Amino acid sequence: INAEYMGTLSECLFFFAMKWRPVWRACLPFALAAAGGLFSGSHRRVVQAKDENIQASEVLDLLRRNKLPPRQTVMRVLARAGSLLHREPNVLTLTVGDGHDVVICGDLHGQFGDLQHILSECGVPNSDRTYVFLGDYIDRGPNGVECALTCICHKLLQPSAVWILRGNHECDEVAREYGFEREVNQKFDAEVYDAFQKVFVELPLGAIIN
């Protein structure tokens with residue numbers, strides 16, 4: 001295709017665009033509305049879920065490198081976790097098949113190094129490995145934020161392979177007395193502490209396995 005042909009083609013396209021401008025200008029809003037309808041349903045939900053999973057993965061990566069995630073990311077992760085946990089019953093009934101690993105972990109109490117060691121030794125949650133955390137992620141130890149966020153993010157990434165229960169420390173009165181409130185205020189602020197508490201009240205209380 002030579003330059004002369006391309007120039008003629010461009011002139012023709014410009015002519016038709018100007019001639020039909022009133023038509024396409026009138027149709028443009030309807031075309032945009034139709035496109036918005038196409039992308040406002042399941043496609044948009046898939047994209048949103050993918051973005052949220054990326055956020056959870058980024059939080060885990062930062063925590064593994066001993067870095068705190070951004071405050072707004074933490075708030076979004078906690079909001080999503082609360083919505084997910086709200087749909088679960090107070091007592092879980094879990095069925096696992098032969099050859100399926102079940103890791104039951106309790107009383108982390110802010111010992112983030114212990115949690116990382118457990119995940120390293122036993123493997124991360126997946127379709128063949130279920131984790132059941134029995135609560136008491138916070139207080140006493142220095143890294144309750146990191147422990148709680150790690151369990152929550154794994155729950156978001158593998159909702160059918162990770163189950164997080166409520167311990168007696170996952171309540172406002174105990175958390176204020178034993179140090180979690182102070183820890184969150186030092187690392188973030190009171191609004192983040194309230195967001196954690198909103199997640200804690202949604203946690204199931206127990207689980208029956210097989």
Side-chain angles (χ1 to χ4, degrees), residues 49-69 73-74 76-78 80-171 174-175 178-180 183-184 187 195-196 199-210:
K50 183 178 179 181
D51 290 342
E52 290 170 343
N53 284 342
I54 291 174
Q55 287 178 356
S57 297
E58 289 176 345
V59 169
L60 289 175
D61 181 61
L62 287 170
L63 293 175
R64 280 192 292 266
R65 293 187 282 124
N66 296 315
K67 296 182 179 181
L68 287 174
T73 301
V74 172
R76 287 193 290 268
V77 164
L78 293 176
R80 184 182 170 206
S83 177
L84 173 65
L85 293 165
H86 182 74
R87 300 193 291 269
E88 294 185 353
N90 275 337
V91 178
L92 303 170
T93 301
L94 309 179
T95 303
V96 294
D98 294 337
H100 187 103
D101 294 334
V102 181
V103 182
I104 300 175
C105 178
D107 290 70
L108 291 167
H109 280 306
Q111 300 298 332
F112 185 57
D114 292 351
L115 175 57
Q116 291 297 90
H117 178 72
I118 291 169
L119 291 168
S120 175
E121 288 293 308
C122 300
V124 296
N126 56 40
S127 58
D128 297 318
R129 183 180 301 110
T130 295
Y131 271 78
V132 181
F133 292 98
L134 303 183
D136 286 0
Y137 316 99
I138 62 172
D139 292 332
R140 297 197 174 119
N143 299 114
V145 166
E146 288 85 347
C147 287
L149 280 177
T150 295
C151 295
I152 287 169
C153 285
H154 277 298
K155 174 66 177 176
L156 294 177
L157 292 171
Q158 296 283 347
S160 60
V162 177
W163 306 95
I164 50 179
L165 307 183
R166 187 177 187 180
N168 66 304
H169 281 258
E170 278 74 54
C171 76
V174 179
Y178 285 89
F180 185 63
E183 179 191 343
V184 177
K187 294 176 178 178
F196 269 110
V199 174
F200 292 161
V201 299
E202 301 291 354
L203 292 171
L205 303 178
I208 301 169
I209 303 175
N210 286 358

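Nothing here was measured: the structure is a model prediction, and the numbers come from that model.
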Side chain to side chain contact (heavy atoms under 4.5 Å, CB included) between Arg129 and Gln158, intermediate numbers included: CA-CA 10 Å; Arg129 183 180 301 110; Gln158 296 283 347; over 6 Å; no
CG of Leu149 to CG of Leu78: how many Å apart, nearest 0.5 Å? 6.0 Å
Measure the spacing between CG of Leu115 and CG of Leu63 and express it to the nearest 0.5 Å. 9.5 Å
Looking just at side-chain N and O atoms, do Arg80 and Asn53 make a donor-acceptor pair shorter than 3.5 Å? yes
Hey, does Leu60 have a side-chain heavy atom less than 4.5 Å from the side chain of Leu157? yes
Yes or no on side chain to side chain contact (heavy atoms under 4.5 Å, CB included) for Leu85 and Ile164, after CA distance, side-chain angles and deciding distance? CA-CA 9 Å; Leu85 293 165; Ile164 50 179; 4.1 Å; yes
On a heavy-atom basis, the closest approach of Ala81 and Ile152 is CB-CG2, 3.5 Å
Side chain to side chain, Val145 and Val184, heavy atoms closer than 4.5 Å: yes
Sub-3.5 Å donor-acceptor pair from the side chain of Asn210 to the main-chain atoms of Val96, do we have one? yes
Describe, in one word, how the ring planes of Phe196 and Phe180 are oriented to each other, choosing from parallel (under 30°), tilted (30 to 60°) and perpendicular (over 60°). perpendicular
Heavy-atom nearest pair, Ile138 first then Ala148, reads CG2-CB, 4.3 Å
Quick check for you: to the nearest 0.5 Å, what is the distance between His154 atom NE2 and Ser57 atom OG? 9.0 Å
If you round to the nearest 0.5 Å, how far is OH of Tyr137 from SG of Cys151? 5.5 Å
In Å, rounded to the nearest 0.5 Å, how long is the span from CG of Asn90 to CG of Leu165? 10.5 Å
Pairwise side-chain hydrogen bond (donor to acceptor under 3.5 Å, both in side chains) hits with a residue in residues 99-126, at least two apart: His100-Thr130, His109-Arg140
Check: residues 201-209 side-chain donor-acceptor pairs under 3.5 Å, at least two apart:
unit_1	atom_1	unit_2	atom_2	d
Glu202	OE1	His86	ND1	3.0
Glu202	OE2	His86	ND1	3.4

Looking at every heavy atom in both Pro69 and Leu62, which two are closest together, and how far apart are they? CA-CD1, 3.6 Å
Are the aromatic rings of His169 and Tyr178 close, with centres under 6.0 Å apart? yes
Can you check whether Leu92 reaches Pro89 side chain to side chain, under 4.5 Å on heavy atoms? yes
Spacing of Cys105 atom SG and Asp136 atom CG [to the nearest 0.5 Å]: 11.0 Å
Hey, what's the ring geometry for Tyr131 with Phe133, parallel, tilted or perpendicular (30° and 60° as the breaks)? parallel
